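Chain letters run A, B, ... following the sequence lines, proteins first, then strands; residues in each count from 1. All figures in this text were calculated on a predicted structure; none of them were measured in a lab.
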Amino acid sequence: MLVIHCPYCGPRPELEFRHCGQAHIARPLDPSAQTADEWGEYLYLRENPKGMHAERWRHMHGCGRFFNALRDTTTDFFVTTYKCGEPRPAVSGTAPAGGQR
Amino acid sequence: MSEWFAKSAAQAALTDVPEGRRWVLRGGDAALAAAGAAFGASLPAQAGGVARVAGTPRAALWLGPDEIWLGTSMDDGAALEAALQTGLAAHAHSLVDISHRNVALELSGTHAAWLLNSLCPLELTLEAFPVDTVTRTLFSKAEIVLWRTGEHSFQIVLGRSFRGYVSGLLAEVSRELAAA
Amino acid sequence: MSQNTCRTAAGGRIDRSRLVNFTFDGKAFTGHVGDTLASALLANGVHLVGRSFKYHRPRGLLAAGVEEPNALVAVVRDTARRTPNLRATQVELYEGLVAESQNRWPSLQFDVGAVNDLLSPLFPAGFYYKTFMWPRKAWHQVFEPVVREAAGLGKPPTEPDPDTYAQRFAHCDVLVVGAGPAGIAAALAASAKGASVLLCDEQPEFGGSLLDEPNAQVNDHPAAEWLKASLATLRGRANVTLLSRTTCFGYFAHNMLSLNERLTEHQATPMTGVPRERLWQVRAKEVVLATGAIERPLVFPGNDRPGVMLASAARTFLNRYGVKVGSRVVLVAGCDAAYLAAFELRAAGVKIERIADIRPAPGEAVHAAALSAGIAVSTGVTVLGTFGWLRVTGITLAHLADDGSVQDRETLDCDAVLMSGGYTPTVHLFSQSRGKLRFDEAQQVFVPGNSVERERSAGACCGTDGLRATLEEGSQAGTSAAEAAGKAGSAEGYHVQLLEGSMVGTPGVLPQPGNIPPSKAFVDFQNDVTSKDLALAMREGFESVEHIKRYTTNGMATDQGKTSNMNSLGFVSAEKGVALPKAGLTTFRMPYTPITFGIFAGYDRGDLFDPVRPTPTHAWAVANGAVFEDVGLWKRSRYFPRAGENMHAAVDRECLAVRNSVGLFDASTLGKIEVVGPDAATFLNRLYVNNFNTLAEGKCRYGILTREDGFVYDDGVIARLAEDRFHVTTTTGGAPRVLHMMEDYLQTEWPDLQVWLTSTTEQWSVIAVQGPKAREVIAPLVNGLDVSNAALPHMSMVRGMLGDIPMLLMRVSFTGELGYEINVPAGHGQRAWEMVWAAGLAYGMTPYGTETMHVLRAEKGYVIVGQETDGTVTPDDAGLGWAVAKSKPDFVGKRSLARPALVAKGRKQLVGLLTAEPKTVLEEGAQIAAVPEQPVPMKLIGHVTSSYHSAVLGRSIALALVADGRALMGQTVYIPMPGGAIAAQVVAPVFYDTEGAKLHV
Ligand SMILES: [Zn+2]
């Protein structure tokens, strides 16, 4: 069970959290202007990277807030978490030993 | 009234907290500030913070950055509700009465934290979870709001239909205390 | 009664003043308090304790600890308390203990399965994959049942487990795993300055290898005294938690380690009220692994005969339990440490027939000590075989010349053979933590390399040799762990007096004449894998050790390669002609030792398995004979049978009561969300398919929520309480996920909206009063509130008082009848219900449950999300296209509803079905075909979603999703069933009061 840093509450047990898919996929401002392909991509196409991945999480059984996280899929460890609306932090390399604690 | 005992009530006891009034206040910073003035104390701004109004039964609990629970006694309820409505009139906000949504249990005794840690994953030492810290978390499969009211006492606020489940689990865990 | 003939006159840590009676395979024995089952059996001269897995060869004790692969026993307290697969070396003796050997029939001494040993050519590596390939049928009918009966490790109990199991989360600064010298030194150092320390050990007694060291002096005191004092110090520290009989079996991310504490297993009469075992989930800031090392067997023909055991085991049995494992002993040594066994046994009066060292040059100190003790030592020898069946009786030693020819062959009589191939550091937990192992050339073992978690290893588990180095390394590890956890530590120096031998040996298989792998030289005792099996697997093309492991089963299952891993790697690398680390390494899986299922279930059993959520009127429903059903976690009244009624009769009666008079229903479980803020209407408009700008205060609207993919996600009535306040209801099961979805859009897509959400599901108790007499029932209760059709028409709401209880009164109907839903604060729910009930008696009011609710709404064609919909149904598919506000520029799902696939012909549409035979009630979920007689696979055009007997119509009704169903009105379709196809006519999905007149009275 991971320790996840809620940007609002600090480090908390994974049990309190819920994973909510890939981050930084904004809903198109005018969906009706989307072609079928564009809309299909927004709906269904997601990355499955080996390495750093930006994800949405929610502190479901805590403060209730959604937030974003960078997680290294090769180690499972979080590198950083940040509030919704903030840009994806520039982080290179892999998660440090033990991950974000 | 105590529902069950361990070896003694000093070790652990579970009691129902008397009915009171409780609201969920959600809104922006301006609304929370205005609500604090009406409430009688600045509302907690730190994660897990609790603000009390000295000499009154009023307590404000931080549950999220835009979610504060306001509680008081039945007697003070109407006065507080009126004050909040007046104080908040100029600010966009949501104030919802949840007095009946939840029930609260008081778990007290030297083994209170020990009992909770059977099925709650949080660290509950005084250093990690000091008196007047509050948070939503899990107790086994039930979501609870856990408020440390003293070194050896906690208020467990939970959805009213979960009362039997949570008190049943605590009773089950406490059997070991009674036997030891 | 047997005698403890193999017990020493004195010594050991057992309590010789207290006798303990026990039975093994029905035979009575005695031991002492402090014995294990293994030591007590050996004290009675019993070496034969099991039969091997595949060949059913007689097996004795190989080891004295957790690594024991052979002596798997079942301990039986009663029919429900039968624990299989326990290692006899870990079963603490208690008065009346009943133990049984496993994997034998009819008896240990005569096992029919041992014919497998003669047939062993039929059971080579991979025999599972080969033997039973053909004919296919034979696998199910012959091979599998036979193999299942003959193989397997023990039998589970057949009755439910009556014991209780506990669980616990814990946090500490430093978790120390293993309470041998390194672990104790680490705990002492780490806890000295206040860091919270948890020290666990699988054994009942702390001390680890120190318990086997009678002659060591630590800091000028006998080791036993140092141990006693150190444990007293630790016990005296409030910041230290000591857990004995506690196995750390799993190492998970972020320093979460799982511990299995056994609380009552050792008690003759388990204490009542105390859980049998406890699962600890420990989150440690820092971890010290002090898990020690396990001695390796030597691999030679006949190395599995009862009486052939590890040298360290003989030391443990002697020093800890006062048991001599034989009277004439041959020691086959592959490292210096093994010699201590010979010295100590000799001092206890055991004749050492020979020390046969497989190395050409033993360490000088132990060699000299052996010679001065008058023990004959041969060097550079190999073992050609052993004799005996149920107990070893002799051993053949020889030298092998460079050309592989045999020289100096000699056979020695003996009743025990001790062997030692050196020690393997126990790196299971380190490996589970995903730390990288490093191969130590000098010691020929894998040791912890780079850490991934915040942990460090100390002592023998990282290849450290010698007691002083172990203690000091432990002390330093404890200090550094405390410091890394932000506290201080206190490292100490130690001095030690002890004759020690190095634990370094060489993994692999002893050379044999002609370099042919011997057939009965066991590498993995538990899984019956020989060096010949490994060779065969390699010949058949299995290169990777992971593949060899699976093909041969080497190192699998409960054993996890504790004694076999390094020898198999040594053999494989030698066969391949590569350096050992190049052979690769298999994964150490958790659990480190077998774990009782009970601790994973913990408190989750019986009534506490899941939360049981009663509604506010639960007590009334119980008192009035409700039959309940689980809806999610809720307990809902399903129907209220009267004497003699079955469900069918009760539901018919309840339905008719609602249709003809009035019924009472608890709808409290509906999800409720209060949506509040200046932008509340805008928010709902963006989310729901309906238009909420046009919903006036005091009015209700049936809302449909689709996901972004256009499929129906939830539905419910939404009431506008005020300009900026909506009372949104959801399905019973959908409440959490709708709130989650709403929060998602609010927080992440539209954070600019000034609107906030609060769950009020449990705030309100909802009492549905439904039926033509509903108004007459409630009118006298509402303090003069005008509830007439004019003042409160269908789909409107008003605040008021029900007696003295504040209420939110909604004129809504899920039955098609005149209906009200009275929302009162949940704490008043039952009282409000009783008020309505009392008022309704004059009208014959009938309580009804979910089953009746389902029938009534189906008669009206009202869909239930999750029953008529399945995540692939659009509003239009469900016949709800009228609700979609097409004029809105956008709402969640709108763009998808225009996708070609969602508007194409052939979509399944909601229709009604009337069976040709009116008494026939279709099966829900049954498939629908256009043509009755078709070859399989049939072309299917839809399925039945709801199906009931309708009392008011006097016939069956069904709802179904059928391809282009609305174009098939009046046509006949067929529902193929085992008894033949059932014909049904496609009709509109509203069966009763099609014009809706009864709603608006
Ligand atoms: Zn949080």
Side-chain angles (χ1 to χ4, degrees), chain B residues 19 22-28 31 64-67 69 91-103 114-125 127-129 138-143 158-166 168-180, chain C residues 164 166-172 196 256 263 271-275 278 281 283 602-616 618 633-635 668-669 672 674-680 724-725 736 747 754-765 824-829:
Chain B
E19 237 183 299
R22 203 179 284 118
W23 295 265
V24 175
L25 171 65
R26 303 194 66 175
D66 69 349
E67 181 184 354
W69 286 16
H91 302 280
H93 73 280
S94 161
L95 185 69
V96 176
D97 186 342
I98 54 159
S99 305
H100 287 252
R101 185 180 82 175
N102 303 107
V103 292
W114 184 90
L115 281 166
L116 285 166
N117 265 143
S118 59
L119 292 161
C120 172
L122 294 182
E123 181 172 0
L124 296 177
T125 57
E127 299 73 52
F129 202 82
L138 290 169
F139 184 75
S140 194
K141 296 173 184 172
E143 185 179 277
L158 64 164
R160 63 186 304 129
S161 65
F162 286 91
R163 188 195 177 286
Y165 174 69
V166 170
L169 279 174
L170 286 167
E172 180 66 23
V173 177
S174 74
R175 281 178 3 123
E176 187 180 348
L177 286 182
Chain C
T164 60
Q167 296 178 335
R168 173 147 303 279
F169 291 98
H171 295 77
C172 61
S196 61
M256 172 147 273
L263 291 128
M271 232 176 124
T272 45
V274 176
R278 185 191 328 274
Q281 291 179 273
R283 178 85 67 186
Y603 301 106
D604 292 356
R605 56 194 295 178
D607 292 342
L608 298 171
F609 177 73
D610 257 342
V612 175
R613 304 179 67 184
T615 73
H618 187 79
L633 299 174
W634 291 102
K635 275 280 177 231
S668 304
T669 63
K672 302 165 208 79
E674 203 140 314
V675 178
V676 184
D679 295 321
D724 64 347
R725 187 176 291 252
Q747 291 185 30
Q754 293 208 307
V755 52
W756 295 274
L757 312 169
T758 304
S759 167
T760 51
T761 301
E762 296 226 56
Q763 168 70 15
W764 300 107
S765 181
V824 295
H828 304 308

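Taking C/G677, C/P678, C/A166, C/P275 one by one and counting their heavy-atom pairs under 4.5 Å with chain B, the maximum is reached by C/P275. Most heavy-atom pairs under 4.5 Å with chain C: of the set B/S118, B/C120, B/A142, this distinction falls to B/S118. Chosen from C/R278, C/E674, C/R613, C/M271, the residue pairing most often with chain B at heavy-atom distances under 4.5 Å is C/R613.
Heavy-atom distances place the side chain of C/D604, and not its backbone, under 4.5 Å from chain B. In this structure, the portions of B/V173 lying under 4.5 Å from any heavy atom of chain C include both its backbone and its side chain. Looking at B/S140, only its side chain comes within 4.5 Å of chain C, counting heavy atoms on both sides. Both the backbone and the side chain of C/H828 have a heavy atom closer than 4.5 Å to some heavy atom of chain B. Of the atoms belonging to B/L122, it is backbone heavy atoms, and not side-chain ones, that fall under 4.5 Å from chain C. Proximity to chain C is absent for every atom of B/N102, based on heavy atoms less than 4.5 angstrom apart. For chain B, the nearby part of C/Q754 is the side chain; its heavy atoms alone come within less than 4.5 Å. If you measure heavy-atom distances from C/W764 to chain B, you find no contacts under 4.5 Å at all.
The shortest side-chain heavy-atom distance between C/Q763 and B/V96 does not fall under the 4.5 Å cut-off. Side-chain contact between C/S759 and B/R101: present, with at least one pair of heavy atoms (C-beta onward) separated by less than 4.5 Å.
Under the rule for a ring-ring contact (aromatic ring centres under 6.0 Å, His included), C/H171 has no partner lying at least two apart in sequence or in another chain.
Atom CG of residue B/D66 and atom CD of residue C/Q747 lie 7.0 Å apart, to the nearest 0.5 angstrom. The line from CD of B/E123 to OG of C/S196 is 7.5 Å long, rounded to the nearest 0.5 Å. Remark: C/W756 CH2 to B/L95 CG distance equals 11.5 Å, nearest 0.5 Å. If you take OG1 on C/T758 and CD1 on B/I98, they are separated by 8.0 Å, rounding to the nearest 0.5 Å. Atom CZ in C/F169 sits 9.0 Å away from atom CG in B/L138 (nearest 0.5 Å). The OH atom of B/Y165 sits 9.0 Å away from atom CG of C/L633, with the distance rounded to the nearest 0.5 Å.
A cation-pi arrangement is present between C/R168 and B/W114, with the terminal nitrogen or guanidinium carbon under 6.0 Å from the aromatic centre and inside a 45° cone about the axis.
In terms of heavy-atom proximity, B/R26 sits nearest to C/L757 at NH1-O, 2.8 Å. Closest heavy-atom contact between B/R160 and C/A826: CD-CB, 3.4 Å. Taking every heavy atom of both residues into account, C/T272 and B/A179 meet most closely at O-CB, 3.3 Å. For the pair C/T164 and B/R175, the tightest heavy-atom approach, listed with the atom from each and the gap, is CG2-NH2, 3.6 Å.
Donor-acceptor pairing under 3.5 Å is recorded for the side chains of C/E762 and B/S161.
Under a 3.5 Å cut-off, the side chain of B/E176 and the backbone N or O of C/V274 do not form any donor-acceptor pair. Formation of a donor-acceptor pair under 3.5 Å by the B/K141 side chain with backbone atoms of C/F609 is found in this model.
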